Novice: 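Supplied in structure tokens, the structure appears directly below.
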Amino acid sequence: MYDKVNFWVDRSDMAGGFSAIPNLLTRAKEQTDRDTGEIRVFGCLDGLKVSIYYGGVSIKGSLSKFFYPDTVYPLDRHTTKQAIVKLSDALQCDMTKANVTGLEFGTVLLLSHPVSEYLGYLGTMPYPFKRYHFEPGTLYYRTGSKEQPVTYAFYDKILEAK
């Protein structure tokens, strides 16, 4: 299953709806680039992070959480289409014209013991992955690549949903 997705919609693909988007966001903040004078707006739309630039709009977050109450429910082709229609309605633009610039895949493993007991048994991964332990109960393996980074994350999905 996949969870988080990054979309980019060019301003030219949004017809007249581009200027209305800042009014649709919660916790919207405006930022002005001192060098160029470009005004950018950052805010949220039902848990998704929306960033509005002169050239277009970036939407990042969990499509599953946007469509369902939390990320425990997986999306299939049918529900993904419904989620994109819901997002199109919410942003008042055609999200089928958006480019997908990032996508996170995942799976749920049913375990007999708490997740923290398993994390200690996960050792190192082959190069180019490095092990990171940023917070208790979560383990990451990342590549150092700036071009196309790859990350594996192990965490307690039920705890996250709570």
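What you see is a predicted model; the values in this text were computed from it and never measured.
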Novice: Any salt bridge (Lys or Arg N to Asp or Glu O under 4.0 Å) involving residues 40-54? Give me the pairs, sequence neighbours left out, ordered by first then second residue.
Specialist: D33-R40
Novice: Taking all non-hydrogen atoms of both residues, which atom of L111 and which atom of V115 are closest, and how far apart?
Specialist: CD1-CG2, 4.0 Å
Novice: Flag the pair Y132 / Y141 as yes when their ring centroid distance falls below 6.0 Å, and as no otherwise.
Specialist: no
Novice: Under 3.5 Å, side chain of D10 to main-chain N/O of D13, donor-acceptor pair present?
Specialist: no
Novice: If hydrophobic clusters are built from ILVMFWY residues whose side chains come within less than 4.5 Å, do V85 and Y68 share one?
Specialist: no
Novice: State the CZ-CD distance between F42 and E30, to the nearest 0.5 angstrom.
Specialist: 10.5 Å
Novice: Under 3.5 Å, side chain of R131 to main-chain N/O of G123, donor-acceptor pair present?
Specialist: yes
Novice: What class does the angle between the rings of Y118 and H113 fall in, given that below 30° is parallel, 30 to 60° is tilted and above 60° is perpendicular?
Specialist: tilted
Novice: So how far is it from K97 NZ to S88 OG, rounded to the nearest 0.5 Å?
Specialist: 10.5 Å
Novice: Rounded to the nearest 0.5 Å, what's the gap from CG on L87 to CD on Q82? Could you check?
Specialist: 13.5 Å
Novice: Test of understanding: clusters of I, L, V, M, F, W, Y form through side-chain heavy atoms closer than 4.5 Å, transitively. Do Y152 and L122 belong to the same one?
Specialist: yes
Novice: How far apart are the C-alpha atoms of M95 and I59, what are their side-chain angles, what is the distance that settles it, and do they pass the side chain to side chain contact (heavy atoms under 4.5 Å, CB included) test?
Specialist: CA-CA 10 Å; M95 286 301 294; I59 301 115; 3.7 Å; yes
Novice: Can you tell me how far apart OG1 (T151) and OH (Y140) are? Round to the nearest 0.5 Å.
Specialist: 8.5 Å
Novice: According to a 4.5 Å side-chain heavy-atom criterion applied to Ile, Leu, Val, Met, Phe, Trp and Tyr, with indirect links allowed, do V150 and Y127 form part of one hydrophobic cluster?
Specialist: no
Novice: Linking I/L/V/M/F/W/Y whenever any side-chain heavy atoms sit under 4.5 Å apart, do L91 and F67 land together?
Specialist: yes
Novice: Quick one: ring-ring contact (aromatic ring centres under 6.0 Å, His included) partners of Y54, sequence neighbours excluded?
Specialist: none
Novice: Do T32 side-chain atoms and G37 backbone N/O form a donor-acceptor pair below 3.5 Å?
Specialist: no
Novice: OG/S62 to NZ/K4 distance, rounded to the nearest 0.5 angstrom?
Specialist: 7.5 Å
Novice: Mind running side chain to side chain contact (heavy atoms under 4.5 Å, CB included) on I39 and Q31 for me, showing each step along the way?
Specialist: CA-CA 6 Å; I39 297 172; Q31 182 184 65; over 6 Å; no
Novice: Could you see if L45 belongs to whatever hydrophobic cluster contains Y53? Use Ile, Leu, Val, Met, Phe, Trp, Tyr and a side-chain cutoff under 4.5 Å.
Specialist: no
Novice: Go through I21 and V57 one step at a time and tell me if the side chain to side chain contact (heavy atoms under 4.5 Å, CB included) criterion holds.
Specialist: CA-CA 9 Å; I21 292 178; V57 178; 3.9 Å; yes
Novice: Taking N99 for the side chain and T101 for the main chain, is one N or O donor matched with an acceptor at less than 3.5 Å?
Specialist: no
Novice: Roughly how far, to the nearest 0.5 Å, is OG of S64 from CD of E104?
Specialist: 12.5 Å
Novice: Do we get K86 above F66's six-membered ring, with its NZ or CZ under 6.0 Å from the centre and within 45° of the axis?
Specialist: yes
Novice: Just wondering, are more than 12 heavy atoms of other shown residues or ligands nearer than 6.0 Å to CZ in F154?
Specialist: yes
Novice: Would W8 and N6 count as having a side-chain donor-acceptor pair, cut-off 3.5 Å?
Specialist: no
Novice: Would V9 and D94 satisfy side chain to side chain contact (heavy atoms under 4.5 Å, CB included), going step by step from the backbone distance to the final call?
Specialist: CA-CA 9 Å; V9 186; D94 184 3; over 6 Å; no
